[in-house]
Amino acid sequence: MALVMEKHKMPEQDPKVRAHNFNEVALGYTEELAVAEANRCLHCKVPHCRKGCPVEVDIPEFIAKIKEKDFVGADKKIKESNSLPAICGRVCPQENQCEKYCVMGIKGEAVGIGRLERFVADYCMKNDTEVIEKTVKEDMPKVAIVGSGPAGLACAGDLAKIGYQVTIFEALHTAGGVLSYGIPEFRLPKDDVVKPEIDNLRKIGVKIEVDAVIGKLFTIDDLMQEYNFSAVFVATGAGLPHFMNIPGENFNGVYSSNEFLTRCNLMKAYRFPEYATPIKVGKVVAVVGGGNVAMDSARTALRLGAEHVYIVYRRSEAELPARREEVEHAKEEGIDFRLLNNPVEILGDENGYVTGIRCIKMKLGEPDSSGRRRPVPIEGSEFDLAVDTVVIAIGQGPNPLVQSTTPDMEVNKRGNIVADEETCKTSKEGVFAGGDIVTGAATVILAMGAGKKAAKAIDEYLKEKFSK
Amino acid sequence: MYKILKRKVLHDGILQFTLEAPFIAKKAQPGQFVVLRVNEYGERIPLTIADFNREQGTIDIIFMVIGASTTMLAKLNEGDSILDLVGPLGKKTDIRPGMGTVVCIGGGIGVAPIYPIVRGMREAGNHVIAIMGAKNKDILILKDEMEKVADEVIVTTDDGSFGIKGFVTTALQQLIDKGVDISEVVAIGPVIMMKTVADTTRPYNIKTVVSLNPIMVDGTGMCGGCRVQVGDKIKFACVDGPEFDGHLVDFTNLMERQRMYRPQEAVEKDHICRLEKQVEAMEEK
Ligand SMILES: Cc1cc2nc3c(=O)[nH]c(=O)nc-3n(C[C@H](O)[C@H](O)[C@H](O)COP(=O)(O)OP(=O)(O)OC[C@H]3O[C@@H](n4cnc5c(N)ncnc54)[C@H](O)[C@@H]3O)c2cc1C
Ligand SMILES: Cc1cc2nc3c(=O)[nH]c(=O)nc-3n(C[C@H](O)[C@H](O)[C@H](O)COP(=O)(O)OP(=O)(O)OC[C@H]3O[C@@H](n4cnc5c(N)ncnc54)[C@H](O)[C@@H]3O)c2cc1C
Ligand code: SF4
Ligand code: SF4
Ligand code: FES
Ligand SMILES: [Mg+2]
């Protein structure tokens, strides 16, 4: 059989249609497409793809099962190492992870590992093939997990499978972290994908306490001393929005991406007034930044009814940190990229509402410490864009609530928790940390990788502790 | 789910709920608030913890019915439950022994959040003068309760139907003019009231703490929607506050930001009204 050098395309909603609805953009493989794509895999003896996966999914094995149309078997294989495959299959930056190392990518396109993973997980979810049994045991030690994002969920899953009594404490009213409040519905459906994968954890016995802000309701010390948790995993993410510190940022209509996306995703403001949370989207929106978060904000604004949406980014196209696929999707939908522009001021009217954004043109200078060419302003090149909403998506830092109430846990200059890369151990006995709270804003799969490492280290720590 | 153990109507449109929330009650301190969500469709709204009882494991909220969410909340009865309740949030009031004479000012619904502060200040051994302001005597709340916990209570009404005729600042200015040695003023109420209190004390350099109520979502420092301008800094009221130095706050910006969703709030009220009419029509049939 001749090798097919190109990845099978995944059907998508037409850009003109999807720009006005919140339904998922990518529709997923059919059975035929999945089998055809699986047949591209060479089942390498030394599968390089695996070294690109932080949770070590057994890629050739699960793809082999798809070839045999044993989708349930494929799902089982994946779940041995990844409890959230429907999520990862959608949002992993596969081009930098597993698919980057696939040998098929040398002469043609890598095997669509993510797409296959998604297919298998969706298939099994839809056909309800899984029988999930409770694994948590009443006589096992208690472990507390702070934060229900991918790091916390991955850690909880692995510990519960060993039998530990795991409780996740989540500040918001819904579990999932960025998966629930940040990544939009049209990329990651909440009721059909995120919720069922989290419910699977509940079925094996993981307890999830929402509305519980650690540092306020309980401190880490309370959990360990008063409520008998033998170990704690802190996975509170990168939830503190950065602003630009330019004049005019307090005008009405200026949002952080966190607020904009939270109102829309978590609070379902796109269904206002059926859902009570309001959101203001004017006719013309400027989103500042060039990462995934900026793309998500821009595309959300479009779907909320904005007539024109700009991305304002201070470097050039080549430096856009967002996934290529997301940039392409945004362009297809009509997002207007204003590259090499940097906002210097936000303009407003006498009632305090945004009327525009003043930018300065930039050019690329010498490479900076990140290796990217440093943008430098072109003097006297200021100009105004008339907009009525501005979304600032220039990054997030660590929320200090837990750190400030846990004085004996070491924190670095930027406020991130200091933890060992392999074991996730912090300077405080029995406390582990991982995911964005340690690394700064990264990816779902890296956070899950950290959660799994922590689970392993916590298991070893508790075995040692209770053998004495 | 958080059960409503007691529901009391203080006045038309002002209600007090006692909620079962043992863990929050255990940690609550004067000055802190909760964020709640009535039901699955609800928005997250912040309300001050107006009272707490650690033994009984309860907290009280006192709220004014002004829009969609407070209307939905007011519809609940004793025995019903609120879907989500998060807290205690925000920093506690700075209460220390040996502060001397403290003037605590509550205007309108602001009397509710000032009440636990008055009690805390007094328990710490300070001399507390409470000034309570209302439009008229009919909508004055918590007067008896306040008299039990403050050393002195002064009431002002806009129309003179009770106490001093005028605003809370009228009474405050009188205290200053009498030469009362005020070490600190804490004021909670409508933004315009807090602004005039800060303007009153500024020439005398009397430390003035105000509790800010910008629009919030999460209440944990995650969204930045609650940002307020304090001096040359932007602060997040939910985690850095809600109390700030009244002499540094940009009240004009706060008032503008509170008006952000006025058009949407009008739509929402209309929506609620229509729903109510539909329900009534169905019940009649
Ligand atoms: C809009 C957006 C789009 C993204 N798109 C992608 C993508 O396509 N692909 C990808 O790989 N990555 C993406 N990312 C990044 C990715 O989502 C994060 O790296 C990942 O979610 C980090 O996981 P985490 O578990 O460390 O933290 P989070 O997902 O941030 O979860 C932390 C959780 O902890 C809770 N918490 C915080 N403080 C407390 C406390 N004191 N007490 C209790 N709970 C607390 C928070 O409420 C939150 O639920 C995106 C991020 C954003 C914001
Ligand atoms: C820290 C804090 C403590 C508060 N304590 C009390 C209290 O003890 N008793 C009380 O009656 N009120 C209190 N408030 C105000 C209360 O949150 C609002 O009255 C309520 O959210 C209005 O909701 P609504 O849907 O009924 O009205 P809407 O019609 O939606 O809004 C009416 C007005 O309330 C304000 N508001 C609306 N949504 C919010 C929100 N999410 N967060 C804050 N303000 C909002 C806006 O200024 C708006 O114009 C407090 C606010 C804050 C920030
Ligand atoms: S989890 Fe992510 S990185 Fe790992 S195989 Fe699946 S798509 Fe690739
Ligand atoms: S490297 Fe590519 S072709 Fe080889 S096993 Fe992995 S996915 Fe299949
Ligand atoms: S309410 Fe979101 S940061 Fe304060
Ligand atoms: Mg409202």
Side-chain angles (χ1 to χ4, degrees), chain A residues 170-174 181-182 209-219 222 226 236-243 245 249-263 266-269 271-280 348-353 392 396 399-401 404, chain B residues 2 23-24 26-27 32 34-45 67-69 72 83-90 215 217-229 234 236 239 250 252-265 267-272 274-275:
Chain A
E170 167 56 49
L172 293 170
H173 58 259
T174 305
Y181 79 73
E209 298 286 349
V210 294
D211 297 335
V213 184
I214 302 306
K216 289 288 180 188
L217 191 62
F218 312 114
T219 61
D222 290 343
E226 217 170 308
T236 48
L240 187 77
H242 287 160
F243 285 90
N245 296 318
E249 269 181 311
N250 271 6
F251 282 127
N252 285 339
V254 182
Y255 285 104
S256 74
S257 50
N258 271 6
E259 182 180 0
F260 190 70
L261 293 170
T262 297
R263 281 183 182 272
L266 183 72
M267 307 309 300
K268 298 200 165 39
R271 285 167 67 180
F272 180 88
E274 183 196 359
Y275 282 80
T277 303
I279 195 164
K280 174 193 169 278
D349 64 17
E350 65 286 355
N351 296 320
Y353 283 84
I392 300 175
Q396 297 94 237
N399 188 313
L401 275 179
S404 63
Chain B
Y2 301 83
F23 294 111
I24 299 178
K26 200 166 168 190
K27 281 288 169 82
Q32 292 189 300
V34 289
V35 164
L36 63 81
R37 198 166 70 118
V38 177
N39 57 34
E40 203 45 53
Y41 295 93
E43 65 183 327
R44 295 171 64 102
I45 62 165
S69 296
M72 296 306 290
L83 182 57
D84 294 292
L85 186 71
V86 194
L89 300 171
I215 295 174
V217 185
D218 56 299
T220 66
M222 183 271 269
C223 76
C226 64
R227 58 197 188 278
V228 288
Q229 187 78 39
I234 288 182
F236 291 180
V239 283
D250 181 343
T252 311
N253 183 243
L254 175 61
M255 282 187 268
E256 282 168 359
R257 288 187 64 78
Q258 285 181 332
R259 285 195 292 266
M260 165 104 189
Y261 296 105
R262 281 291 151 84
Q264 286 89 341
E265 283 155 12
V267 169
E268 212 180 355
K269 243 185 162 159
D270 180 56
H271 176 76
I272 293 267
R274 268 185 292 132
L275 286 181

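Proteins come first, then strands; the chains are lettered A, B, ... in the order of their sequence lines, and each starts at number 1.
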Worksheet item: Is any side-chain heavy atom of A:Thr262 closer than 4.5 Å to a side-chain heavy atom of B:Asp218?
Response: no

Discussion item. Quick check on A:Arg271 against chain B: is it the side chain, the backbone, both or neither that has a heavy atom closer than 4.5 Å?
Written reply: neither

Worksheet item: Taking the inter-plane angle between the rings of B:Tyr261 and A:Tyr255 on a 0 to 90° scale, is it parallel (under 30°), tilted (30 to 60°) or perpendicular (over 60°)?
Response: tilted

Worksheet item: Does any heavy atom of chain B fall under 4.5 Å from the side chain of A:Asp222, the backbone, both, or neither of them?
Response: side chain

Fill in: Any residue meeting salt bridge (Lys or Arg N to Asp or Glu O under 4.0 Å) with B:Glu265, in chain and number order, not counting sequence neighbours
B:Arg262

Worksheet item: With no hydrogens and no angle check, is any side-chain donor or acceptor of A:Asn258 less than 3.5 Å from a backbone partner on B:Met222?
Response: yes

Worksheet item: Do A:Asn252 side-chain atoms and B:Glu256 backbone N/O form a donor-acceptor pair below 3.5 Å?
Response: yes

Practice prompt. Would you mind telling me which of B:Pro263, B:Gly42, B:Pro88 has the largest number of heavy-atom pairs within less than 4.5 Å of chain A?
Written response: B:Pro88

Worksheet item: Between B:Gly221, B:Gly67, B:Gly219, B:Ser69, which shows the greatest number of heavy-atom pairs under 4.5 Å with chain A?
Response: B:Gly221

Practice prompt. Using non-hydrogen atoms and a 4.5 Å limit, figure out which bit of B:Ile234 sits close to chain A: side chain, backbone, both or neither.
Written response: side chain

Worksheet entry | chain A contact via B:Asp84 - which portion, at a heavy-atom distance below 4.5 Å | both

Worksheet item: Just wondering, do A:Pro278 and B:Met260 contact through their side chains at under 4.5 Å, heavy atoms?
Response: no

Worksheet, complete the sentence: Whatever's closer than 4.5 Å to a heavy atom in chain A on B:Leu83 counts as backbone

Fill in: Options A:Pro241, A:Gly237, A:Ser256, ranked by heavy-atom pairs under 4.5 Å with chain B, top entry
A:Pro241

Worksheet, complete the sentence: Output for pair (A:Leu240 CG, B:Phe236 CZ), nearest 0.5 Å, gives 5.5 Å

Worksheet item: Under the 3.5 angstrom rule, does the side chain of A:Lys216 hit a backbone N or O of B:Gly90 as a donor-acceptor pair?
Response: yes

Practice prompt. With rounding to the nearest 0.5 Å, note down the distance linking CD in B:Gln264 to NZ in A:Lys280.
Written response: 8.5 Å

Item to complete: Tell me, out of B:Arg259, B:Gln32, B:Gln229, B:Arg37, who's got the most heavy-atom pairs with chain A below 4.5 Å.
Response: B:Arg37

Worksheet item: Can a donor-acceptor pair be found between the side chains of A:Asn250 and B:Arg227 at a distance below 3.5 Å?
Response: yes

Worksheet entry | Closest-packed option against chain A by number of heavy-atom pairs under 4.5 Å, given B:Asn39, B:Val239, B:Leu85 | B:Leu85

Fill in: Minimum-distance pair of heavy atoms, taken over all atoms of B:Gly225 and A:Glu259
CA-OE1, 3.0 Å

Item to complete: Mind listing the closest non-hydrogen atom pair of B:Thr220 and A:Leu401 along with its distance?
Response: O-CD1, 3.9 Å

Discussion item. Side chains of B:Val86 and A:His173, heavy atoms from C-beta outward: is any pair under 4.5 Å?
Written reply: no

Discussion item. Counting only non-hydrogen atoms closer than 4.5 Å, does A:Leu172 touch chain B with its backbone (N, CA, C, O), its side chain (CB onward), both, or neither?
Written reply: both

Discussion item. Which heavy atom of A:Tyr275 sits nearest to which heavy atom of B:Glu40, and what is that distance?
Written reply: CE2-O, 3.6 Å

Worksheet item: With sequence neighbours left out, what residues match A:Thr174 under side-chain hydrogen bond (donor to acceptor under 3.5 Å, both in side chains)?
Response: none

Discussion item. Which atoms of A:Phe251 are under 4.5 Å from chain B, going by heavy atoms: the side chain, the backbone, both sets, or neither?
Written reply: backbone

Fill in: Per-residue contact mode, B:Val35 against chain A (heavy atom under 4.5 angstrom)
neither

Worksheet entry | Contacting region of A:Ile279 [heavy-atom separation from chain B under 4.5 Å] | backbone

Discussion item. Using only atom types and a distance under 3.5 Å, with no angle test, would you say the side chain of A:Glu274 pairs donor to acceptor with the backbone of B:Tyr41?
Written reply: no

